[in-house]
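Computed from a predicted structure; not experimentally measured. Just so you know, ligand 1 is whichever comes first in the structure, and atom 1 is the first atom listed for that ligand. When reading the values below, keep in mind they use all heavy atoms of this one structure, side chains included, and skip hydrogens, waters and symmetry mates.
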Amino acid sequence: MTDCIFCKIIQGEIPTNKVYEDDDVFAFLDTSQATKGHTLLVPKKHVQDIYEYDSELAASVFSRVPKLAKALETAFSESEGLNIINNNREVAYQTVFHSHIHLIPRYTTDDDFKIFMKNNSEHYSDEAMQEIAATINQALTNA
Ligand code: 5GP
Ligand code: ZN
């Protein structure tokens with residue numbers, strides 16, 4: 001896609017700190033470096049978000065995640081864990097609309113990286129939970 005910053009990075013039109021490339025995917029350092037080694041894994045094919053993946057593309061992209069995760073652990077032995085994040089659409093904080101997976105090594109909880117997931121379980125009865133699961137299951141059946 002001509003106007004996509006990540007397509008330009010993949011094609012070498014914009015300089016980047018590449019960490020990995022194969023036929024299907026490209027991985028490079030996120031300029032923001034939320035933590036040291038913060039890496040983005042992207043499909044070479046321009047897809048906007050997860051809703052544009054098919055199973056084959058998902059297999060090729062997501063199957064590269066453990067390889068990169070282990071490389072980050074080896075590269076930064078002082079890291080103690082890793083957050084893997086994939087934002088989809090604006091409401092979910094996506095800002096670059098070429099699908100990407102963030103790999104963010106964690107060295108300490110005492111950094112500027114935060115994920116806050118409120119526990120809203122008090123608002124959902126057992127029946128409501130069953131209905132939600134059934135609704136998703138029905139959507140999968142129709143997929
Ligand atoms: P999102 O918010 O869409 O999940 O993440 C987009 C990420 O792309 C951000 O973390 C941002 O720092 C990174 N980013 C934006 N522009 C560039 C760029 O030109 N080069 C690199 N390497 N990263 C970028
Ligand atoms: Zn693109």
Within the 4.0 Å heavy-atom shell around [X], which atoms of ligand 1 are there?
X: Gln94; answer: 3 (O)
X: Thr95; answer: 1 (P), 2 (O), 3 (O), 5 (O), 6 (C)
X: Ser32; answer: 10 (O), 12 (O)
X: Val96; answer: 3 (O), 6 (C), 8 (O), 15 (C)
X: His102; answer: 1 (P), 4 (O), 5 (O), 7 (C), 10 (O)
X: Ile5; answer: 19 (O)

N or O pair under 3.5 Å between Asn87 and ligand 1: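 Yes, Asn87 has an N/O under 3.5 Å of an N/O on ligand 1.
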Do [X] and [Y] land in one hydrophobic cluster if side-chain heavy atoms of ILVMFWY residues count as linked below 4.5 Å?
X: Val19; Y: Phe26; value: no
X: Ile101; Y: Ile10; value: no
X: Val25; Y: Val47; value: yes

Heavy-atom gap Phe6 to ligand 1 smaller than 4.0 Å: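 Contact check Phe6 vs ligand 1: positive.
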Ligand 1 contacted by Asn86 (non-hydrogen, < 4.0 Å):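 Contact check Asn86 vs ligand 1: negative.
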Working for side chain to side chain donor-acceptor pair (under 3.5 Å), residues Ser121 and Asn119: CA-CA 6 Å; Ser121 56; Asn119 183 342; 2.7 Å; yes
Pi-cation contact, Phe76 with Arg106 (under 6.0 Å, within 45°):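 Geometry flag: not set, cation outside 6.0 Å or 45°.
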N/O donor-acceptor pair under 3.5 Å between Glu52 side chain and Gln48 backbone: yes
Asp111 backbone acceptor or donor facing Thr108 side chain under 3.5 Å: no
Structural part of Phe28 in contact with ligand 1, heavy atom criterion under 4.0 angstrom: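 The part of Phe28 near ligand 1 is the side chain, not the backbone.
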Contact partition for Ile14 relative to ligand 1, non-hydrogen atoms under 4.0 Å: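 Looking at Ile14 and ligand 1, no heavy atom falls under 4.0 Å.
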Residue pair Asp30 / Ser32, side-chain donor-acceptor N/O under 3.5 Å: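 Looking only at side-chain atoms, Ser32 and Asp30 do form a donor-acceptor pair, the distance falling under 3.5 Å.
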Under 3.5 Å side-chain donor-acceptor pair for Tyr53 and Ser99: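 Judged by distance alone, the side chains do pair up.
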Residue, atom name and distance, where the atom is the protein heavy atom closest to atom 18 (C) of ligand 1: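 Protein heavy atom at minimum distance: Ile9 CD1, 4.0 Å.
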Closest approach of any protein heavy atom to atom 1 (P) of ligand 1, naming residue and atom: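 Checked against all protein heavy atoms, atom 1 (P) of ligand 1 sits closest to His100 NE2, 3.1 Å.
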Metal site angle (apex the Zn ion (ligand 2)), ND1 from His98 and ND1 from His46, 10 degrees: 110°
Shortest reach to atom 24 (C) of ligand 1 by a heavy atom, considering only Thr31, Leu40, Ile85, Val42: Thr31
Option whose closest heavy atom lies nearest to atom 22 (N) of ligand 1, chosen from Asp30, Asn17, Leu29: Leu29
Centroid-centroid under 6.0 Å between His102 and His100 rings: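 Ring centres of His100 and His102 closer than 6.0 Å.
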